[in-house]
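Below, all heavy atoms of this structure are taken into account, side chains as well, without hydrogens, waters or symmetry copies. Note on naming: letters A, B, ... go to the chains in the order of the sequence lines (proteins, then strands), and numbering restarts at 1 for each one.
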Number of protein chains: 2
Amino acid sequence: MTATDDIQDAEPDIDDPGDPPMPERVAALIREQILEDRLKPGMPVRERILAKALGVSRTPLREALKILSVEGLVDLTPRRGAVVAAPSPKEQRELLQLLGAIEGFAGTLACDAITEDAMKELRATHYEMLAAIMRGDRLTYFRHNQAIHRGIVEATGNGVLIAYHRQINLRLYRVRYVVNLRTERWESAIAEHEAILDALQAGDKPRIRTILEMHVLAAFDQMERDGKGDAPPTARP
Amino acid sequence: MTATDDIQDAEPDIDDPGDPPMPERVAALIREQILEDRLKPGMPVRERILAKALGVSRTPLREALKILSVEGLVDLTPRRGAVVAAPSPKEQRELLQLLGAIEGFAGTLACDAITEDAMKELRATHYEMLAAIMRGDRLTYFRHNQAIHRGIVEATGNGVLIAYHRQINLRLYRVRYVVNLRTERWESAIAEHEAILDALQAGDKPRIRTILEMHVLAAFDQMERDGKGDAPPTARP
DNA sequence: TCAGGGTTCATGGTATGCCATATGGCCCGC
DNA sequence: GCGGGCCATATGGCATACCATGAACCCTGA
């Protein structure tokens with residue numbers, strides 16, 4: 001199955017001249033395909049074919065690829081085109097470390113900046129997450145889990161922090177998704193989340209920072225131990 | 001003076017088909033122009049003119065602009081083209097906060113990871129920085145200052161961390177340059193640097209983190225107090 | 001003289017065509 | 001029979017041409 005077969009049945013064209021520039025719209029579409037795992041890591045992205053599939057020319061598509069390249073979602077090698085980025089375990093761990101550091105720092109800022117309402121919303125999301133666990137709905141659990149982390153960062157009101165957190169999260173989305181799906185450490189994850197929210201409410205900055213920095217890596221190291229069961233890269237020529 | 005007048009006397013063309021792809025080379029050139037303040041914040045970047053000045057077509061130039069846009073060095077508005085990014089004071093502070101957070105975290109990692117040689121090299125650079133101060137050579141001081149911070153991050157061996165640190169630093173380069181040129185707090189900056197290196201050698205993680213997180217913001221708040229004397233944006237029609 | 005509208009020009013956006021190169025298959029020679 | 005080199009083809013890279021849109025300027029009428 002080629003990269004294009006996966007995307008063939010997407011919107012045939014996107015000629016809607018809405019506000020956002022076309023390259024960014026194209027980038028968003030490809031991003032989506034990557035996140036949904038329809039474009040799998042290591043899979044080559046063929047310009048002509050994908051451009052035709054999306055109903056755009058090669059020019060905006062190439063610009064979209066440049067965007068995704070800087071974002072770290074695709075690897076652009078000089079004369080060999082673009083392949084969906086397949087972070088090595090080492091790189092995954094580095095990204096998770098950075099993610100943890102950013103969230104930890106955001107936590108300390110959020111201790112001062114978070115509003116009552118936002119705090120309540122986080123608690124509410126936490127309960128929804130618990131509900132999803134009860135139902136064994138791993139996808140919903142994952143979504144709420146992400147929402148909580150995102151919520152903490154957004155509570156800082158630091159737009160730059162939010163943007164970079166989002167970007168790094170994108171690069172890890174697939175990994176984290178797989179991890180969250182396979183890992184059985186729900187109980188400890190829940191405990192950590194509760195500790196995070198408590199520390200946030202109490203304004204205990206060192207504590208929330210420590211927990212958040214460790215929390216993200218925990219699931220990864222769990223996976224490493226399991227033997228990183230993951231779909232192999234390099235799908236096909 | 002237009003954006004192109006500034007760049008007119010650059011290399012007439014860059015047809016050297018070296019390894020790095022042309023859009024990245026073009027991006028590097030524009031980056032350089034921005035960092036050297038020849039392309040000033042708020043200044044529009046005209047595709048055709050700049051492309052001709054650089055001896056390339058519009059296509060790779062546009063791709064370069066997309067790269068720089070994701071990096072945050074230029075702002076790309078839908079039908080109005082690209083302008084050199086002019087971070088607001090708020091955004092500058094947010095970026096500095098994030099930079100401090102990354103360096104602080106890197107410091108804690110470096111406590112464990114740094115080698116003897118790297119440590120000695122940092123000390124050496126520190127002394128070179130002191131020498132530059134003695135001579136009143138602000139530019140050299142600035143370079144060595146940056147080198148020390150970069151060195152700490154690089155000592156972690158975390159490639160992702162290094163890359164993001166570099167990127168954020170680029171977005172702030174001009175600002176930090178101006179700040180370092182105007183500020184008179186050399187003494188306290190030196191003291192902080194010495195404290196950083198001591199903490200690093202002693203492996204005092206909480207201390208190095210605290211210092212680094214504050215250190216970067218200090219100069220900025222100094223500038224804020226001075227009344228952010230900076231070249232005004234929006235240079236020409 | 002000033003204001004409004006229309007026209008024109010320049011600029012960014014997109015599509016397409018040509019070129020160089022990398023890859024895969026095939027043929028020839030050992 | 002197997003291996004290496006050559007050729008064909010497809011792919012990415014760049015340049016260019018065309019199109020649509022935004023802005024500035026001028027002309028005209030009040």
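The ring pair (Phe, Tyr, Trp, His ring centres under 6.0 Å) test with A/His149 is passed by exactly one of A/His144, A/His165, A/His215: A/His215.
Between B/Arg38 and B/Glu32, none of the side-chain N atoms (NZ, or NE/NH1/NH2) sits under 4.0 Å from a carboxylate O, so this pair counts as no salt bridge. Taking 4.0 Å as the cut-off between side-chain N and carboxylate O, B/Arg31 and B/Glu71 count as a salt-bridged pair. Between B/Arg171 and B/Glu91 there is a salt bridge, since at least one side-chain N of the basic residue sits less than 4.0 Å from a carboxylate O of the acidic one. Using a cut-off of 4.0 Å between Lys/Arg side-chain N and Asp/Glu carboxylate O, B/Glu63 and A/Arg62 are scored as salt-bridged.
One atom, CG of B/Leu65, and another, P of C/dT14, lie 14 Å apart when rounded to the nearest Å. Summarising the geometry, the separation between CZ on A/Arg46 and C1' on D/dT9 is reported as 13 Å, rounded to the nearest angstrom. In this structure, CG of A/Leu61 is placed 13 Å from C1' of C/dT14, rounded to the nearest angstrom. Residue A/Met43 contributes atom CE, which lies 18 Å from atom C1' of D/dT11 at whole-angstrom precision. Atoms CD1 (B/Ile67) and P (D/dG13) sit 12 Å apart, rounded to a whole Å. The distance from atom CD of A/Glu47 to atom C1' of C/dT21 is 14 Å, rounded to the nearest whole Å.
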Taking protein heavy atoms under 4.0 Å as touching, what does nucleotides 14-23 of chain D look like 5' to 3' if B marks base contact, S marks sugar-phosphate-only contact and - marks none? SBBBB---S-
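Side-chain contact between B/Ile34 and B/Lys40: absent, with no pair of heavy atoms (C-beta onward) separated by less than 4.5 Å. Counting heavy atoms from C-beta on, the side chains of A/Tyr177 and A/Leu139 come closer than 4.5 Å. Taking 4.5 Å as the limit, every side-chain heavy atom of B/Glu94 sits out of range of all side-chain heavy atoms of A/Leu161.
Bending across the helix from C/dT1-D/dA30 to C/dC30-D/dG1, expressed as the angle between its end axes from five pairs apiece, amounts to 10° (10° rounding).
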